[in-house]
Amino acid sequence: MIFEQDGSYSDMDGVPTPKVIIDLDSDPDATVVEITFGDRLGALVDTMTALKNLGLNVVKGNVFLDSSGKHNRFAITKADSGRKVEDPELLEAIRLTIINNLLKYHPESSSKLAMGVFFGAQPPNQQVDVDIATHITISDESLNRSLLSVETADRPGLLVDLVKVISDTNIAVESGEFDTEGLLARSKFHISYDGKAVPKPRQQVLANSLQYFLRRPATEDSSF
């Protein structure tokens, strides 16, 4: 499962957009976190400290460079059990903690992220129309599972809310990918129903539930 906070690396104004990946697939024993932020990642030590304050252990790490910048990758486990993090609420807390900490060091990037409204010194220069931005597709991957893709406006708590809506329709979330690019969040979830691919009628119920839930904030409070 990968949850990703992504964005462009080299904007015209020279201000990078943070990229944060939370990956539950590549290591069977730990949750892998990768942070890329051009060459400005001076907040890494404080970020790890903030994660430890969530009850997490940073168990190993490495740094590598490519054309997109410096990548800092480390593995985390729950301090009380030594196991990888899979709980959606804690995964969302990790994501928000990292973004919040990065924006404290680099407030100039807050205008590029939806989270800039909540954590940054400057909110985004443009807003997202949730009705236009929201797209949902469901397809069968195999006899045993389906693939749900959701694109919508990013906001705090989105990961938790998506998993809750899926679970409320009695559909199981097996794994997934969460990719936030600036103002938008793009997610993919591998899902199943009674151990099999989700039947077409229930796919429609899920799609309708997500459309209603995700579009509702745009009509209620005109925020992200």
Side-chain angles (χ1 to χ4, degrees), residues 1-9 16-106 109 113 115 119 141 145 147-151 154 156-163 166 172-182 184-191:
M1 186 184 295
I2 301 176
F3 302 110
E4 181 169 339
Q5 165 73 31
D6 199 354
S8 58
Y9 300 103
T17 302
K19 176 178 180 179
V20 179
I21 301 174
I22 303 177
D23 176 3
L24 295 183
D25 275 338
S26 60
D27 190 322
D29 301 315
T31 301
V32 177
V33 176
E34 182 178 322
I35 305 175
T36 306
F37 197 20
D39 58 357
R40 304 187 181 198
L41 204 58
L44 183 61
V45 173
D46 282 357
T47 297
M48 290 186 175
T49 299
L51 293 176
K52 289 181 179 179
N53 290 338
L54 291 177
L56 304 169
N57 286 330
V58 180
V59 296
K60 57 185 175 181
N62 60 71
V63 179
F64 64 94
L65 293 170
D66 61 19
S67 60
S68 64
K70 180 189 296 184
H71 300 255
N72 293 268
R73 181 181 296 163
F74 47 94
I76 58 176
T77 59
K78 298 173 67 174
D80 59 353
S81 65
R83 307 179 76 172
K84 68 192 301 180
V85 180
E86 297 178 291
D87 175 62
E89 292 189 4
L90 187 50
L91 290 170
E92 180 70 353
I94 291 170
R95 184 174 79 105
L96 298 184
T97 296
I98 292 172
I99 295 170
N100 186 22
N101 201 62
L102 288 173
L103 292 182
K104 285 181 179 178
Y105 277 77
H106 304 287
S109 290
L113 297 174
M115 297 301 176
F119 302 132
E141 290 189 298
R145 70 181 189 179
L147 177 66
L148 166 66
S149 299
V150 181
E151 178 177 287
D154 191 26
L158 181 59
L159 171 58
V160 176
D161 290 339
L162 287 175
V163 173
I166 298 169
V173 177
E174 299 178 4
S175 61
E177 175 179 310
F178 197 81
D179 177 349
T180 304
E181 297 188 13
L184 294 177
R186 298 180 177 93
S187 57
K188 295 180 180 180
F189 296 102
H190 302 289
I191 57 176

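The two residues K78 and L90 make their nearest non-hydrogen contact at CG-CD2, 4.4 Å. Heavy-atom minimum distance, N101 versus T47: ND2-OG1, 2.8 Å. Pairing each heavy atom of D27 with each of D29, the nearest pair is OD1-N, 2.8 Å. In plain terms, the two heavy atoms of P28 and K84 that are nearest each other are O-CD, 3.5 Å. Listed here is the closest heavy atom pair of V163 and P88: CG1-CG, 3.8 Å.
To the nearest 0.5 Å, atom OG1 of residue T49 and atom CG of residue L54 are 11.5 Å apart. Rounded to the nearest 0.5 Å, atoms OG (S149) and NZ (K188) are 5.5 Å apart. Between the CG atom of L158 and the OG atom of S187 there is a distance of 7.0 Å, given to the nearest 0.5 Å. Expressed to the nearest 0.5 Å, how far CG of L24 lies from OG1 of T31 amounts to 4.5 Å.
Under the rule for a side chain to side chain contact (heavy atoms under 4.5 Å, CB included), the partners of E34 that lie at least two apart in sequence or sit in another chain are I21, T36, F64, H71, R73. Shown here are the salt bridge (charged side-chain N to carboxylate O under 4.0 Å, His left out) partners of D87, two or more places apart in sequence or in another chain: there are none. Evaluation of the side chain to side chain contact (heavy atoms under 4.5 Å, CB included) rule for T77 yields A30, N57, V59 as partners, not counting sequence neighbours. Among residues two or more places apart in sequence or in another chain, the salt bridge (charged side-chain N to carboxylate O under 4.0 Å, His left out) test is passed with E141 by R145. In this structure, the side chain to side chain donor-acceptor pair (under 3.5 Å) partners of E92, at least two apart in sequence or on a different chain, are R95.
No side-chain heavy atom of D23 sits under 4.5 Å from any side-chain heavy atom of V33. Using a 4.5 Å heavy-atom cutoff, the side chains of E151 and L184 are in contact.
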Exercise. Apply side-chain contact (heavy atoms from CB on, under 4.5 Å) to the pair L147 and I191, showing each step before the final yes or no.
Key: CA-CA 6 Å; L147 177 66; I191 57 176; over 6 Å; no
Practice problem: Show your reasoning for whether side-chain contact (heavy atoms from CB on, under 4.5 Å) applies to F74 and L51. | Solution: CA-CA 11 Å; F74 47 94; L51 293 176; 3.6 Å; yes
Quiz item: Where do V150 and L162 land on the side-chain contact (heavy atoms from CB on, under 4.5 Å) test, with the steps shown first?
Solution: CA-CA 9 Å; V150 181; L162 287 175; 4.3 Å; yes
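Side-chain atoms of T97 and N100 include no donor-acceptor pair closer than 3.5 Å.
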